[in-house]
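A, B, ... follow the sequence lines: proteins, then strands. Residue 1 opens every chain. Remember, predicted model here, so these are calculated numbers, not experimental data.
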Amino acid sequence: MSKYNFKQIEAKWRENWEKMDINPRDESKPKMYCLDMFPYPSGDGLHMGHWRGYVLSDVLARRALMDGHFVIHPMGWDAFGLPAENFAIENEIHPEKAVRDSIEFFKRQLKEIGAMYNWDMELNTTDPEFYKWTQWIFVEMFKRGLAYEKEMPLNWCEACKVVLANEEAAGGECERCGGITTKRNLRQWMLKITDYAQRLLDDLEGLNWPEKVKKMQAEWIGRSHGARIHFPVQGRDEKIEVFTTRPDTLFGATFMVLAPEHPLTAKIVATSHAAEVEEYVKNSATISNVDRMAKKDKTGVFTGAYATNPLSGADMEIWVSDYVLADYGTGAIMCVPGHDERDFEFAKKFGLPILQVISPDGSLYELEEAYLGEGVMVNSGDFNGTGSEAGREAVANHLAERDLGCATINYRLRDWVFSRQRYWGEPIPLIHCGNCGVVPVPYDDLPVTLPHVASYKPTDTGESPLALIDEWVNTPCPDCGGAAKRETNTMPQWAGSSWYFLRYLDVGNRGQIISGQKAEKYLPVDYYVGGVEHAVLHLLYARFYTKFLYDIGVVGFEEPFTRLFNQGMINRFGKKMSKSAGNGVSPDEILPKYGCDTLRMYILFIGPPELDAEWTDTGIEGVYRFLNKLWRLVAENAPKVAPATAEHEKIRHKMIRDITWRIDNLSLNTAVSGFMEYTNKLSELARGAALDQETLETLVIMLAPFAPHIAEELWEILGHNESVFRQPWPVYDAAKAADDMITMVVQINGKLRANTQVSADIDKDAAIAAAREAVAARLEGQTIVKEIFVPKKLVNFVVK
RNA sequence: GCGGAUGUGGUGGAAUUGGUAGACACGCAGGACUUAGAAUCCUGUGCCUAAUAAGCGUGGGGGUUCAAAUCCCUCCAUCCGCACCA
C-alpha cells in the first residue's frame with residue numbers, strides 16, 4: 001500500500017482540475033455567489049490571513065456545489081492605489097510592471113490554496129477594459145450632480161504626499177503609512193455620499209452581517225435628531241447657524257463658539273480682537289490633527305462680537321475654539337454650559353456665565369457640574385415646567401413658527417473626497433474648458449487611459465504627476481472643440497473595489513457595465529468573506545455605489561452583499577502575525593513540508609473562524625498525522641471492503657448528521673475534529689472487520705470541501721473515475737442515526753452519582769426505577785422530595 | 001468616556017444553546033515495535049488524592065433553578081472599534 005504522498009497527489013489534481021470543469025455552468029441549479037475580498041497584489045505575496053479567508057470561502061463554495069448549487073466563486077486584482085504605487089516607488093519598478101509581476105506571483109500562490117475559482121471571470125481593476133466602467137460610473141454621477149468640486153481643508157499626509165479621505169485619516173493618522181496628517185486647502189472632487197446617508201442607514205437592518213459591522217457603519221453615518229437655530233450677530237447683518245440635539249436647553253445658551261475655520265470668524269471679529277483671533281486661527285491650521293485631538297485643555301479666544309439668544313434675549317459672547325469641529329453640523333455651536341460637559345469646562349476656564357435650565361425635580365440649585373440628564377425646563381420663560389424631552393419638540397416648533405430655526409436631522413457622514421494627487425489610479429474623466437466649464441469625457445472616448453510615463457512619483461505641489469504631461473493634459477473640449485485641459489487627479493483606491501463584484505459576471509461585455517439579464521440572474525452576492533478591516537470604508541462605498549446603480553437602473557437590488565463573514569486574525573506568540581513583527585509563518589515554508597490539504601485543514605481546525613486564533617508549529621503536525629491516518633484508513637480498506645453491518649450503517653448516518661450540522665453552522669473547527677473522531681472510530685472498527693464501501697465513500701465525499709486533493713485521490717482509489725465533486729452531499733436518516741441504548745445520568749441534588757444504560761425511549765417510571773436501582777445505596781435513609789426526568793438525558797433525585 | 005468581543009486544564013479549543021464540563025488536537029508521562037532513531041500503535045493525563053472514595057473546579061463575588069460555562073446582577077482583566085460629533 002502506498003504512503004500518503006501529498007506532493008504527488010496535489011500536483012496531480014491541480015493539473016486534472018485545469019482540464020476538467022468541476023463546477024460547470026449548470027444554470028438550471030440555484031446560484032450561489034461566494035465572493036472573496038480580492039487582494040491588492042503586492043510583492044509580499046499571500047500571507048496566512050489571506051489563506052484563512054480564502055480557505056473558508058472555498059469550503060463554503062465547494063459545499064454549496066455538492067449541495068446542488070451552481071457556484072460563482074471568482075477572483076481578481078485590486079491593483080490601483082497606494083499600496084501598489086508605494087511598492088513600485090520603493091523598488092524603483094514602474095507600477096505597471098510591478099503590478100503585472102505581483103499578479104503573476106499572487107496567482108501562482110492562489111493556485112496553491114487549491115481553491116475552486118472561476119478563472120474565466122478573472123478581472124483586474126487596472127485593465128482599461130475594467131476602468132472604462134469605473135470612469136463611466138463617475139461620469140454618470142457627475143451628470144446627476146453627485147460629483148462636485150470643492151476647495152477645502154483636507155487631510156494631507158506628508159509622507160505619502162497625498163490627500164486622504166476622512167475615513168483614511170481617522171484619528172489623525174494616515175491609514176497607509178501611520179504618519180501624522182495635517183490640514184491643507186486644496187481643490188478636490190467630492191462624491192455626495194451624504195445624499196444616501198438615510199438609505200445607507202435604513203438598509204443595514206435587513207443585512208445578514210455581523211452586528212458589529214452594522215453598528216460600526218451606523219455609528220459612522222451618525223444620524224442625530226435635533227434643530228438648526230439662527231442667532232443674530234449684534235450690529236451686523238449676519239446670522240450664526242448652529243445645530244443642536246438639545247433645543248430644550250436653548251434658554252441656557254449663554255455664549256457661542258465658532259470653529260477656527262468657520263467663514264464668519266473673519267467677518268464678525270471686532271477690530272480690537274482681530275490680531276489675537278487671526279493668530280489663533282493660523283495656529284490651529286498648522287497644528288496636526290493628532291495634537292489637536294490629544295489636547296486636553298480647552299483653548300479659545302473671544303472675538304469681541306456678540307450674538308443674541310433668540311428666546312431669552314441674552315447677550316452672548318462669540319468665541320473661537322478648536323473644540324468645535326468645522327466639518328460637523330454647521331461648524332458653530334450654541335454653548336449651554338449648564339448641560340454640556342465641554343461647554344461647562346470652557347465656561348469655567350474663561351469665566352463665562354452658567355445657567356441652569358433643566359432640573360431633575362424642578363428645583364433650582366448651584367450646578368457643580370453639567371447636568372446631562374432629563375428633567376423639567378426651568379429659567380425658560382413660558383416653557384418652564386415642560387419636560388425636557390417634550391421641550392425639544394416644543395422649542396423647535398416655536399422657533400419654526402418665528403422663522404428662527406427648525407427641527408432637523410444631522411449626519412456625521414461627510415461627502416467622500418474622491419480625488420488623489422497620484423499617478424497610479426483611474427484618471428478622472430473630466431475636461432476643463434475655458435468656455436464650457438467642466439465637461440465629462442463622452443462615452444465613446446472612454447476609457448481615458450493612464451499614460452505610460454517614466455516619472456510617476458508624487459509631487460509636493462498637491463498636483464498629480466499627470467499634470468506634468470502636456471501632450472496628455474491638453475485636449476480639445478468635447479463640446480466646443482476649443483483648447484481645454486484634462487483633469488489630472490486620479491481616483492482613490494476604493495473606486496474599483498466599489499463595484500468589481502458586478503463585473504465578474506460579465507467581464508467580456510464591451511458595451512455595458514453588466515447586462516441587465518446577468519445582473520438579474522446572478523446577483524447580489526450571497527456570501528462575502530473577508531477581513532473586518534473593511535467594515536466601514538470598502539463596504540460602505542460598495543453599498544453607496546450599488547444604490548446609485550440601482551437608481552440609474554443598472555441593477556435591480558439595493559444591497560450588494562446579502563451575507564458577510566469576517567474571519568479572525570491569525571496570531572503567533574500572542575501577536576498578529578506579520579512580517580514587521582517578525583513572527584510570521586509563510587505558506588511558502590509550510591507547503592513543501594505538509595502540503596496544501598494539511599494547511600487548509602489546520603487553518604480550519606485552529607479555532608472558530610470568526611475569532612482570532614493562535615498559530616502553533618506543533619498543531620499543524622497533528623493535522624498532518626490525522627491526514628496520514630485517514631489515508632491509511634481508506635487506502636488499506638478499499639481493496640477489502642465488505643457489506644455494511646448495522647454498526648457501520650449507524651456510524652455512517654451519525655457521521656453525516658454530525659459533520660453536516662457543524663459545517664452548516666460554520667463551526668468548521670469542530671467539523672474538522674468530527675473528521676478526526678470518525679476516522680479514529682472507523683480505524684478502530686477496521687481492526688476487527690473490513691469496512692463497507694459506502695461508509696468509506698461518505699467520509700471521502702464530506703472531506704472533499706476541506707481537503708480536496710486527498711479526497712479526489714482517495715475517491716479514485718475507491719474505484720471511481722469521475723471527480724468526487726460530482727457527488728451529491730450525502731444524506732442521513734434520522735432514525736438510522738439514533739441510538740437504541742443511551743447512557744442515562746443519575747443525579748442526586750444535581751450531582752452526578754451514576755451512569756446507567758437504558759433504552760432510548762424509556763418512559764418516566766421505568767427510568768426512575770432504573771435510576772433508583774443505580775443509586776440505591778445512596779438513597780438509603782433519604783427522603784426524596786422530587787424526581788426529575790429529562791428524556792434521553794437524566795434523572796435527578798432531590799433529597800432532604 | 002461610549003460601544004462591542006473575549007475570559008474554560010500545561011496549550012489551542014469543545015460542550016447542537018439550561019441537563020455527564022474538558023470532545024478533538026497539541027504537549028507531557030509510561031509502554032509496544034526497533035541495534036538505535038524516525039514513523040506507527042497502545043495506555044494515562046483538570047485539581048486535590050493511596051484511591052475507579054469524598055471534595056473542589058469554566059476570570060472574582062452574589063443571585064435564579066431540581067440542575068448554570070450557559071440566564072440575571074455586580075466587579076475585574078485582555079483585545080477591538082469610536083472618540084471634544086454639540
Taking every heavy atom of A:L200 against every heavy atom of A:L204, the minimum-distance pair comes out as O-CG, 3.4 Å
OP1 or OP2 of [N] versus the side-chain N and O atoms of [X]: is any pair under 4.0 Å?
{"X": "A:N680", "N": "B:A25", "result": "yes"}
{"X": "A:N749", "N": "B:A67", "result": "no"}
{"X": "A:Y323", "N": "B:A86", "result": "no"}

Side chain of [X] only, heavy atoms from C-beta on: which candidate in [options] is closest?
{"X": "A:T743", "options": "B:U20, B:C66, B:A14", "answer": "B:U20"}
{"X": "A:R412", "options": "B:A83, B:G12, B:G19", "answer": "B:A83"}
{"X": "A:P608", "options": "B:A86, B:G19, B:A14", "answer": "B:A14"}
{"X": "A:R632", "options": "B:C41, B:A21, B:C24", "answer": "B:C41"}
{"X": "A:K298", "options": "B:A21, B:C84, B:C66", "answer": "B:C84"}
{"X": "A:V798", "options": "B:C66, B:G81, B:A23", "answer": "B:C66"}

Plane angle bin for [Y] and [X] - parallel if under 30°, tilted between 30 and 60°, otherwise perpendicular:
{"X": "A:F706", "Y": "A:F675", "result": "perpendicular"}
{"X": "A:Y602", "Y": "A:W615", "result": "perpendicular"}
{"X": "A:F346", "Y": "A:F350", "result": "tilted"}

Output the rounded distance in Å from CD1 (A:I748) to P (B:A67).
14 Å
Determine the Euclidean distance between corresponding [atom1] atoms of [M] and [N]; express it in Å to zero decimal places.
{"N": "B:A69", "M": "B:U58", "atom1": "P", "answer": "7 Å"}
{"N": "B:G59", "M": "B:G30", "atom1": "P", "answer": "33 Å"}
{"N": "B:A38", "M": "B:C33", "atom1": "P", "answer": "16 Å"}
{"N": "B:U74", "M": "B:G27", "atom1": "C1'", "answer": "38 Å"}
{"N": "B:U35", "M": "B:C42", "atom1": "C1'", "answer": "23 Å"}
{"N": "B:A68", "M": "B:U20", "atom1": "P", "answer": "11 Å"}

Do you see a donor-acceptor pair shorter than 3.5 Å between the side chains of A:Y411 and A:S224?
no
Can a side-chain donor-acceptor contact be found between A:D343 and A:Y323 if the only test is distance below 3.5 angstrom?
yes
N/O donor to acceptor pairs below 3.5 angstrom from side-chain atoms of residues 657-669 of chain A, sequence neighbours left out:
residue, atom, partner, partner atom, Å
A:D658, OD2, A:Y678, OH, 2.6
A:T660, OG1, A:I656, O, 2.6
A:T660, OG1, A:W729, NE1, 3.0
A:R662, NH1, A:T670, O, 2.8
A:D664, OD1, A:R63, NE, 3.0
A:D664, OD1, A:R63, NH2, 3.3
A:D664, OD2, A:R63, NH2, 2.9
A:N665, ND2, A:W661, O, 2.7
A:S667, OG, A:T670, OG1, 2.5

So which of residues 618-629 of chain A are in contact with RNA chain B, with a heavy-atom cut-off of under 4.0 Å?
A:T618, A:G622, A:R625, A:K629
What stems involve RNA chain B, if each pair must be Watson-Crick or G-U and both of its distances must be under 3.5 Å, with 3 or more such pairs in a row?
B:1-7 with B:76-82, B:10-12 with B:24-26, B:27-32 with B:40-45, B:59-63 with B:71-75
Just checking [X]: base, sugar-phosphate only, or nothing, at a heavy-atom cut-off of under 4.0 Å?
{"X": "A:E787", "value": "nothing"}
{"X": "A:R687", "value": "sugar-phosphate"}
{"X": "A:R778", "value": "sugar-phosphate"}

Using atom types as modelled, flag every donor-acceptor pair under 3.5 Å from a side chain in residues 241-253 of chain A to any protein atom, sequence neighbours excluded.
residue, atom, partner, partner atom, Å
A:T244, OG1, A:R246, N, 2.9
A:R246, NE, A:D248, OD1, 3.1
A:R246, NE, A:D248, OD2, 3.2
A:R246, NH1, A:L372, O, 3.4
A:R246, NH2, A:D248, OD2, 3.0
A:D248, OD1, A:R392, NH1, 3.4
A:D248, OD2, A:R392, NH1, 3.3
A:T249, OG1, A:R246, O, 2.8

Show me the donor-acceptor pairs within less than 3.5 Å that the side chains of residues 789-799 of chain A make with the rest of the protein, sequence neighbours left out.
residue, atom, partner, partner atom, Å
A:N796, OD1, A:N749, N, 3.4
A:N796, OD1, A:G750, N, 3.0

Between the protein and nucleotides 2-11 of chain B, are there any N/O to N/O pairs under 3.5 Å, and if so, what are the atom names and distances?
none

